[in-house]
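Below you'll find the structure, written out as structure tokens, and then a few comments.
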Protein chains: 2
Amino acid sequence: MENYYKAHTKFYLAVDCIIFGFDEDGLKLLVVKRDFEPGKGQWSLVGGFLSQGENLDEAAQRILHKLTGLENIYLEQLATYGEPARDSAARVVSIAYYALISTTKFKENKSNRNACWYPLNGLPNLIFDHNQMVAKAILRLRRKAASRPIGFELLPAQFTLPQMQALYESIYQQQIDKRNFRKKILSMNILEKLPEKDMTGSKRGAYKYKFNPSKYNELLNNGYHFEIINNGKQ
Amino acid sequence: MENYYKAHTKFYLAVDCIIFGFDEDGLKLLVVKRDFEPGKGQWSLVGGFLSQGENLDEAAQRILHKLTGLENIYLEQLATYGEPARDSAARVVSIAYYALISTTKFKENKSNRNACWYPLNGLPNLIFDHNQMVAKAILRLRRKAASRPIGFELLPAQFTLPQMQALYESIYQQQIDKRNFRKKILSMNILEKLPEKDMTGSKRGAYKYKFNPSKYNELLNNGYHFEIINNGKQ
DNA sequence: CCAAAAGTGTTATGGATACACCCATGA
DNA sequence: TCATGGGTGTATCCATAACACTTTTGG
């Protein structure tokens, strides 16, 4: 029965979360100071060990919550890293997850002194293979962002078009023409214009919008394909 | 030091390989009959356990080789599956890999009676969550195929354009216009026309081509983006 | 009244699609 | 000679890209 299994080795399994944050200053990464050896005091992704009885997604949520207080974040699995020597202290295989949120969702404060946002350009050296994970996550985020409107998971469900455009510009690190961007996004008919304006970004104010999830899902189910940035080049 | 680690659970780690095969009959999947419990006698993906000292890619290669004799297959990591009850006998987390090869690379024979090709439409029920893995791999293959010429890993390094087109048609399950397909592929300048013809498919014969890897890599390095099928819909 | 960001249309270009006929050959 | 699959060119269309001025309002 189980005998066949018993002949094999078991491994530590970790989950590491690449949390991208977005605000007026662009894209940032959530990093923590490790408080245990090896690498105590070094920067690291938000991570922890898989426990008995939980699945991988649950582990990611739990670990993220425990270290940052963040809850109900849409995490997506990125890849699994298993170089024998990737962790200097023991053989640990790590499953990486990533998410994109508004930086406002996690406020650096005293009780969370060990976690903070770091601008994407100019990341510090992270422990183990974490920089490699981040690089891969950025590529994935770009691919993803090109084909569907991320942002659902973003901002307090309301946002202005200039904000949304700034998000895409920081993901792609390139300027986008205002008129073309608006044309494209609005032509999808998945946004609803709200009567209020957001006055924080300018004197004139910009109209707020919100996603219309039902229209969005309807399109998705009908096989519609979103292409916000034409990533011919990359 | 390692004390922090020791407090945590260890897990069995498996690798499962989704091997797509292509020939004149379309796409197929390589499946094996399990020869141990649980699920002895049922169909399963090519899989096995991770060993100490090898990384994930190496494990996938080793397991694939052991069960099928296949060597030097370009395997790509797909995703990791970790539902606590996915394996009925023990908690096993499985890292799925996939590849696309020519069915001629693996010939079913007496010594390999337990592994065989199965047409993609009309797969049997596979053990555990293996059907789910296959479904995900198909989607990934389509995305991949849309953005770069797969086929490098395909056929004895020589192929005809009708063959290549048939490959794309079976991946996408849709007809492609002959002229448009040729135009697109040839305009990339990554194929070399060979003087010989392949006479197996027709009386007239079709010219053989081969990839020119150096031109291909040159383009890749220059940031060129391949788009063979415009997957506006899916 | 001025600075700063929001908002708005049109044109040109290029890639994607649609489409039909001749060619070579083995049987 | 004919049936079968291989090979070729062009016209239309639509999505993308480029581009500049007016509007609003807080200071």
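All values reported here derive from a predicted model rather than from experimental measurement.
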Taking atom [atom2] of [N] as reference, at what distance in whole Å does atom [atom1] of [X] sit?
X: B:Ile185; N: D:dT8; atom1: CD1; atom2: C1'; answer: 17 Å
X: A:Leu161; N: C:dG7; atom1: CG; atom2: P; answer: 7 Å
X: A:Leu186; N: C:dG7; atom1: CG; atom2: C1'; answer: 11 Å
X: B:Phe181; N: C:dA16; atom1: CZ; atom2: C1'; answer: 15 Å
X: A:Asp198; N: D:dT25; atom1: CG; atom2: P; answer: 15 Å
X: B:Glu169; N: D:dG5; atom1: CD; atom2: C1'; answer: 13 Å
X: A:Lys184; N: C:dT8; atom1: NZ; atom2: P; answer: 19 Å
X: A:Tyr207; N: C:dA6; atom1: OH; atom2: P; answer: 13 Å

Do A:Arg86 and A:Asp129 sit within salt-bridge range, that is, some charged N less than 4.0 Å from a carboxylate O?
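Counted as a salt bridge, because a side-chain N and a carboxylate O are separated by less than 4.0 Å.
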As a test of understanding, state which of A:Asp57, A:Ile101, A:Leu64, A:Val15 forms a side-chain contact (heavy atoms from CB on, under 4.5 Å) with A:Leu75.
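Only one option passes, and that is A:Leu64.
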Quick check on side-chain contact (heavy atoms from CB on, under 4.5 Å): which of A:Val31, A:Asp23, A:Ile19, A:Asp25 does A:Trp117 satisfy it with?
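The passing option is A:Ile19.
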Test side-chain hydrogen bond (donor to acceptor under 3.5 Å, both in side chains) on B:Asp16 and B:Ser94 and set out the steps.
CA-CA 7 Å; B:Asp16 286 303; B:Ser94 171; 2.6 Å; yes
Does NZ or CZ of A:Lys28 lie under 6.0 Å from the centre of the six-membered ring of A:Tyr118, at an angle within 45° of the ring axis?
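No.
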Ignoring backbone atoms, test whether A:Lys178 places a side-chain nitrogen or oxygen under 4.0 Å from the OP1 or OP2 oxygen of C:dG7.
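Answer no for this pair, as no side-chain N or O of A:Lys178 is under 4.0 Å from OP1 or OP2.
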Using a cut-off of less than 4.0 Å, is there contact between a side-chain N or O of B:Arg182 and OP1 or OP2 of D:dT8?
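So the side chain of B:Arg182 is within the cut-off, an N or O lying under 4.0 Å from OP1 or OP2 of D:dT8.
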Heavy-atom nearest nucleotide on DNA chain D for B:Pro162 versus A:Asn180: which residue maps closer to 5'?
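With B:Pro162 and A:Asn180 compared, the 5'-side residue is B:Pro162.
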Polar atoms only, N or O, under 3.5 Å: list the protein pairs with nucleotides 22-26 of chain C and their distances.
{"from": "C:dC23", "atom 1": "O2", "to": "B:Arg204", "atom 2": "NH1", "distance (Å)": "2.6"}
{"from": "C:dA24", "atom 1": "O4'", "to": "B:Arg204", "atom 2": "NE", "distance (Å)": "3.4"}
{"from": "C:dT25", "atom 1": "O3'", "to": "B:Lys203", "atom 2": "O", "distance (Å)": "3.4"}

Between A:His65 and A:Glu71, is there a donor-acceptor pair closer than 3.5 Å when you use the side chain of the first and the backbone of the second?
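No: the side chain of A:His65 does not pair with the backbone of A:Glu71.
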Would you say the base of D:dT16 and the side-chain of A:Lys183 have a donor-acceptor pair closer than 3.5 Å?
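Not at all, since no donor on one side and acceptor on the other fall under 3.5 Å apart.
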Compute whether any side-chain donor of one residue and acceptor of the other, for B:Asn189 and B:Ser187, lie under 3.5 angstrom apart.
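Side-chain D/A pair, B:Asn189 to B:Ser187: absent.
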